[in-house]
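To start, the structure under review is shown below, and the notes come after it.
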Amino acid sequence: MRQPSPRRLIHLAALTACSSLALGAQAQGQPQSAEPALPAAETASAPAGNVLSPVVVSGSRIQSRGFTQPTPTTRLVAADLDKTAKPNLFNAIAELPALQGSTGRTTSTNSTSSGIQGLSSLSLRGLGPIRTLTLLDGQRVVGANVTGVTDVSQFPQLLVQQVDVVTGGASASYGSDAVGGVVNFITDKRFTGFKANIEGGQTNYGDDENATLQAAWGRGFMAGRAHLTASVEYSRERGVPSPRFGGAGANGRTWFKNPAFQVRPISQTGDGKPQYTFIENAQQFQYSKYGLITNGPLQGTAFGKDGVPYTFQYGSNGVPTGTGAVTGCVTPFCVGGDLSGTVGGGTTLGMNMTRQVAYTRGSFELNDDHEIFFSLNYGKVDSRFTPNPGAAKNGNLTIQCSNPFLPASIVAACAANNITSFAYGVANAIFPKDIEVNPVRTQLRAVVGANGRFSALGKDWTYDGYAAHGQNTIDLRVANMTLNARYNAAIDAVRGPNNTIVCRNAAAAASGCVPLNIIGDVPIDPAAWAYIAPANGPFQHSRQRQSVAGINVNGEPFSLWAGPVAVAFGAEARREQYYVLADPYGNGVTADSPNSAAYPADPLLNTSVGNNWYAGNYHNARGAYHVKEAYLELNAPMFKSSQFGEGSLNLAARHTNYSTSGNIDSWKLGGLWKTGLDGLRLRAVTSKDVRAPNLSELYAAPVVINNTVNYQGTTLTVQQRTIGNTQLRPETGRNTTFGLVLAQPKWAPGFSASIDYFDIKVDDVISSLNAQQLVDLCVAGNQEVCAAMDLVSPTKYVTVQAFNLASMRNKGFDLEAVYRFGLAGLGLPGNLTLRGLATNTRSFKTNSGVVGTIPTEAAGVNLGNTPKWKGQFSQSWETDTASLTLSQRWISDGVYSNEFIECQTNCPVSTLTHPTILNNQMKGALYWDIGGSYRVSKQVTVYFKIDNLTNVDPVAAPQTGTGYGINPFLYDVLGRQYRVGARLAF
């Protein structure tokens with residue numbers, strides 16, 4: 001028998017190891033990792049024959065052939081992105097293990113007022129999108145909300161040539177916000193020809209139908225001196241409709257079981273039993289679908305069809321006490337019983353989103369050394385979703401026994417029990433329409449610039465400079481939203497003249513109040529609905545503007561003993577500004593938000609503070625700041641020998657001046673050693689990084705309300721003045737990374753792997769606290785906080801604003817590996833690529849700076865953003881005409897909270913910092929995806945993709961209140977998804 005060659009043995013061993021790695025990752029908990037284009041990320045390259053084409057190395061500003069940076073960078077090229085077959089590139093990038101906490105179409109769907117709904121923003125290391133700098137061709141892009149983060153959905157995606165993810169601090173090279181790292185989308189600026197992509201799909205449940213149409217064209221003119229590219233894109237993802245009330249999941253999804261935490265009072269935990277218990281079929285007993293009396297002698301009486309009363313079925317075999325409590329239940333939940341009024345499952349799982357993008361770029365070579373260019377981008381993202389059905393009232397309503405809508409039996413029962421009113425809760429299922437939130441973001445951005453080369457001081461230099469102006473207009477409209485004061489007036493009905501039913505409040509009646517019957521399942525009066533939920537609901541119009549100009553110069557001005565020193569330097573000036581205008585019912589009546597025909601004056605509404613809506617109370621704000629900065633970066637070869645290899649030192653420093661907070665410096669120090677061992681490199685980098693306070697933190701809308709605080713044992717009534725803080729300082733981060741890289745050794749060509757340790761510490765983290773927490777900090781001696789309140793004068797106030805109080809520290813490992821080889825030696829056609837990438841978060845501690853709290857540990861908390869392990873693996877087979885890729889996405893098992901103490905019996909007394917819980921285990925997930933393509937002709941390739949092949953259900957993510965009980969930041973919430981499409985190239 002013929003003995004296998006050593007090379008074949010290497011192939012077989014790697015195949016077996018990587019396949020076992022992917023299959024056994026969940027069981028073993030020790031995944032290796034792979035990265036689709038590690039060699040490309042390690043070694044810069046440039047198109048041959050065009051001296052004006054920059055060498056793109058996203059972790060550095062240095063553009064020099066042969067330069068290898070020490071900062072770890074993951075690169076995804078167009079072929080890698082094509083294999084994901086996603087309607088939105090954001091989803092492909094967000095699946096990378098280092099990306100944790102990114103927001104997208106399935107996140108924030110239970111929110112009306114957060115401002116991030118429908119915003120596709122990337123987050124590295126779980127530090128949040130505000131600490132991840134997202135660039136387009138190395139340039140800043142105008143923010144898509146008041147925090148300044150960009151919306152990847154507005155980018156021209158068909159022309160993206162590669163995406164570089166820099167998993168290390170890069171503020172010294174790129175400026176503010178790069179604390180967690182940088183994600184740089186790089187477009188194909190010399191694309192020639194025509195290409196298109198047509199795609200469609202849906203989920204296993206027949207919903208979230210999606211369609212994508214993309215086309216791009218490029219052509220050279222004037223013997224190649226001029227070049228023009230253009231692209232247009234349209235995509236629609238119809239989302240998952242709300243199933244509304246009850247415990248059923250959307251369109252046959254059976255996994256929703258009303259999960260929640262049942263929480264006992266701390267005072268009762270001396271009995272040795274845990275305080276927290278995970279439950280399913282949680283029943284909030286403060287309301288029912290069509291109304292429930294929640295206190296007094298009639299507690300437990302519910303109302304059904306036509307308002308007929310009946311005895312409500314409590315879960316846990318509960319019996320109402322008449323005092324608002326229910327025996328056998330723990331406020332606010334029983335288990336089981338009548339779940340028809342449950343609202344938690346009525347949240348939209350995936351938003352209905354439409355993307356429209358148009359982009360063009362033109363360039364012209366003035367001569368062989370200088371080129372000018374321009375680009376124009378239009379991007380519109382329109383999202384719609386339902387945060388919850390109805391508008392639940394949790395036993396906080398008061399119904400008078402004289403209410404004419406009450407059945408006679410209840411009126412008689414009131415008289416028999418000598419009561420004139422009772423507490424009442426209702427899910428408001430009679431509302432004809434559910435709340436619909438509709439954020440629309442429209443971006444217009446123009447860039448002009450130049451790049452080229454010149455000679456100075458006897459050396460050749462290259463330069464690139466640009467000026468850009470961008471504007472994002474965000475219109476956020478909410479439909480079918482009720483006004484609290486009108487609702488309360490409408491349900492308080494009495495008998496009027498001629499036995500008619502009218503609103504009790506005379507001022508309300510005079511201003512158009514129409515009585516509303518919420519007693520049972522009865523048809524709602526259209527006039528009453530129009531009164532409590534006017535056609536013009538909550539509205540917020542905001543405009544973000546960014547003007548920026550920058551220049552970068554590269555060269556090799558001198559040499560050391562080991563080779564030439566590469567230098568990059570440059571400067572940038574930037575102005576950021578925004579304003580927000582809201583409706584007068586949410587904001588209060590001002591000159592910028594006056595009453596109008598759309599929002600007429602109403603004596604019931606608060607005109608000074610606003611906050612009249614059930615949800616979606618937006619407020620006016622405006623502000624601006626400007627930034628001036630300059631940087632210097634160099635790469636110095638330190639030694640070069642055949643025995644010890646090559647070593648280089650990478651240094652960068654940036655000085656920044658903010659108009660709000662003054663001067664601050666950032667820096668980077670790194671080194672790379674290409675050892676004398678075949679393919680082995682050692683790299684290390686440490687940096688000081690910064691994040692400047694954003695416009696929202698600096699200039700948040702002023703709102704004044706009354707509140708109470710406890711000050712030195714005395715309860716005080718104070719004005720709570722919520723406002724931005726223009727005295728905020730930039731956050732400062734210290735990011736340290738060191739690792740080993742094995743890059744295509746001769747004994748295993750096509751194989752690369754790396755392991756990197758990271759340690760990120762962020763101080764002066766900007767955070768907002770409530771009034772009582774700020775008073776406690778002042779008493780503890782924080783003079784900065786004390787200066788923002790007055791608790792002695794007759795007009796006492798507490799200023800609630802953001803301060804530089806908190807700190808964070810994130811530590812862990814990144815592992816990457818890729819092995820590519822041909823199968824001819826095994827007698828098979830094509831090539832095989834085995835890939836894996838994993839991030840292990842060892843620790844992620846946050847210190848809030850609040851008196852009486854302890855640092856919290858987020859690593860492995862699967863209710864959050866940072867699991868202990870997050871991995872991505874793939875096995876791809878490719879020939880000239882066909883490809884097939886099997887891939888896995890993996891999240892390790894975790895806990896609900898690292899601060900919980902798990903116990904079943906003999907539990908210690910629970911505390912605020914260390915509560916006790918019956919079971920603190922939260923399962924991870926392993927998802928299998930499969931996709932393939934076939935080249936029908938030279939011009940046409942068809943493809944398919946199935947995500948979540950085995951239709952794995954999301955793991956329950958309980959809360960202490962009503963919710964749909966899943967964590968879309970970590971888990972797939974849509975189920976199996978099918979997509980097919982075709983790519984055209986001419």
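For the single chain, residues carry numbers from 1 onward in sequence order. All values below were derived from every heavy atom in this structure, side-chain atoms included, with hydrogens, water molecules and symmetry-related copies excluded.
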For Asp764, is there an ion pair with Arg691 - N to carboxylate O distance below 4.0 angstrom? no
Backbone N/O of Glu899 and side chain of His914: donor-acceptor pair under 3.5 Å: yes
Measure up the Tyr658 and Tyr625 rings against each other and bin them: parallel (under 30°), tilted (30 to 60°), perpendicular (over 60°). perpendicular
Do Thr726 and Thr660 meet the criterion of a side-chain donor-acceptor pair at a distance under 3.5 Å? no
Mind running side chain to side chain donor-acceptor pair (under 3.5 Å) on Asn920 and Glu902 for me, showing each step along the way? CA-CA 6 Å; Asn920 194 28; Glu902 183 177 317; 5.0 Å; no
For Asp763, is there an ion pair with Lys761 - N to carboxylate O distance below 4.0 angstrom? yes
Would you call the rings of Phe900 and Tyr276 parallel, tilted or perpendicular if under 30° counts as parallel and over 60° as perpendicular? tilted
Salt-bridge contact Glu572-Lys628 (side-chain N to carboxylate O under 4.0 Å): no
Does the side chain of Ser608 pick up a donor-acceptor pair with the side chain of Asn606 at under 3.5 Å? yes
Hey, are Asn620 and Ser593 close enough side-chain-wise for a donor-acceptor pair under 3.5 Å? yes
Report the C-alpha separation of Ser848 and Thr853 in whole Å, then their side-chain angles, then the decisive distance to 0.1 Å, and conclude whether the side chain to side chain donor-acceptor pair (under 3.5 Å) test is met. CA-CA 7 Å; Ser848 68; Thr853 65; 3.1 Å; yes
I'd like to check the side-chain hydrogen bond (donor to acceptor under 3.5 Å, both in side chains) partners of Gln284; sequence neighbours left out, ordered by chain and number. Tyr287, Thr962
Less than 4.0 Å between a side-chain N and a carboxylate O, is that true for Glu857 and Arg842? no
Would a 4.5 Å heavy-atom cut-off, applied to side chains only, mark Gln262 and Thr960 as touching? no
Is there a side-chain contact between Arg543 and Asn472 (heavy atoms, below 4.5 Å)? no
When you compare the side chain of Asn145 with that of Ile116, does any pair of heavy atoms fall below 4.5 Å? yes
Do Asn782 and Phe803 touch side chain to side chain, with heavy atoms closer than 4.5 Å? no
Can you find a heavy atom in the side chain of Val152 that is under 4.5 Å from one in the side chain of Leu122? yes
Please tell me whether Asn657 and His626 have a donor and an acceptor in their side chains that are separated by less than 3.5 angstrom. no
Looking at Asn587 and His619, would you say the former's side chain and the latter's main chain have a donor-acceptor pair under 3.5 Å? no
If you look at every heavy atom in Tyr578 and Ala621, which pair is closest and at what distance? OH-CB, 3.4 Å
Treating Ser102 as the side-chain partner and Ser123 as the backbone partner, does any N or O pair qualify as donor plus acceptor under 3.5 Å? yes
Any donor and acceptor pair, going by atom type alone, linking the side chain of Thr732 with main-chain N or O of Val690 inside 3.5 Å? no
Looking only at side-chain N and O atoms, does Gln286 offer a donor or acceptor that is under 3.5 Å from a partner on Asn394? no
What class does the angle between the rings of Phe261 and Phe278 fall in, given that below 30° is parallel, 30 to 60° is tilted and above 60° is perpendicular? perpendicular
Using the side chain to side chain donor-acceptor pair (under 3.5 Å) definition, which of the options Thr277, Thr916, Asp271, Thr331 pairs with Arg264? Asp271
Spell out, as yes or no, whether a donor-acceptor pair under 3.5 Å connects the side chain of Ser111 to the backbone of Ser108. no
Do any N or O atoms from the side chain of Gln801 and from the backbone of Gly724 form a donor-acceptor pair under 3.5 angstrom? yes
The side-chain contact (heavy atoms from CB on, under 4.5 Å) partner of Val166 among Val182, Leu135, Leu124 is Val182
Backbone N or O of Arg125 within a donor-acceptor pair of the Asn810 side chain at under 3.5 Å? yes
Is the side chain of Tyr599 donor-acceptor paired with the backbone N or O of Gly537 at a distance under 3.5 Å, no angle test? yes
With a 4.0 Å cut-off, would you call Arg140 and Asp177 a salt bridge? yes
Taking the side chain as everything from C-beta on, heavy atoms only, tell me whether Met922 gets closer than 4.5 Å to Val861. no
With a 4.5 Å limit on heavy-atom distance, are the side chains of Val580 and Gln540 in contact? yes
Between Arg734 and Thr686, do the side chains contain an N or O donor and an N or O acceptor separated by less than 3.5 Å? yes
Salt bridge check, Asp602 against Arg486: does any charged N sit closer than 4.0 Å to a carboxylate O? yes
Is any side-chain heavy atom of Gln275 less than 4.5 Å from a side-chain heavy atom of Gln268? no
Should Lys668 and Asp689 count as an ion pair when the cut-off is N to O under 4.0 Å? no
Using atom types as modelled and distance alone, determine if a side-chain donor or acceptor of Asn804 lies under 3.5 Å from a backbone N or O of Arg729. yes
Please check: side-chain N/O of Tyr711 versus main-chain N/O of Leu791, any donor-acceptor pairing under 3.5 Å? no
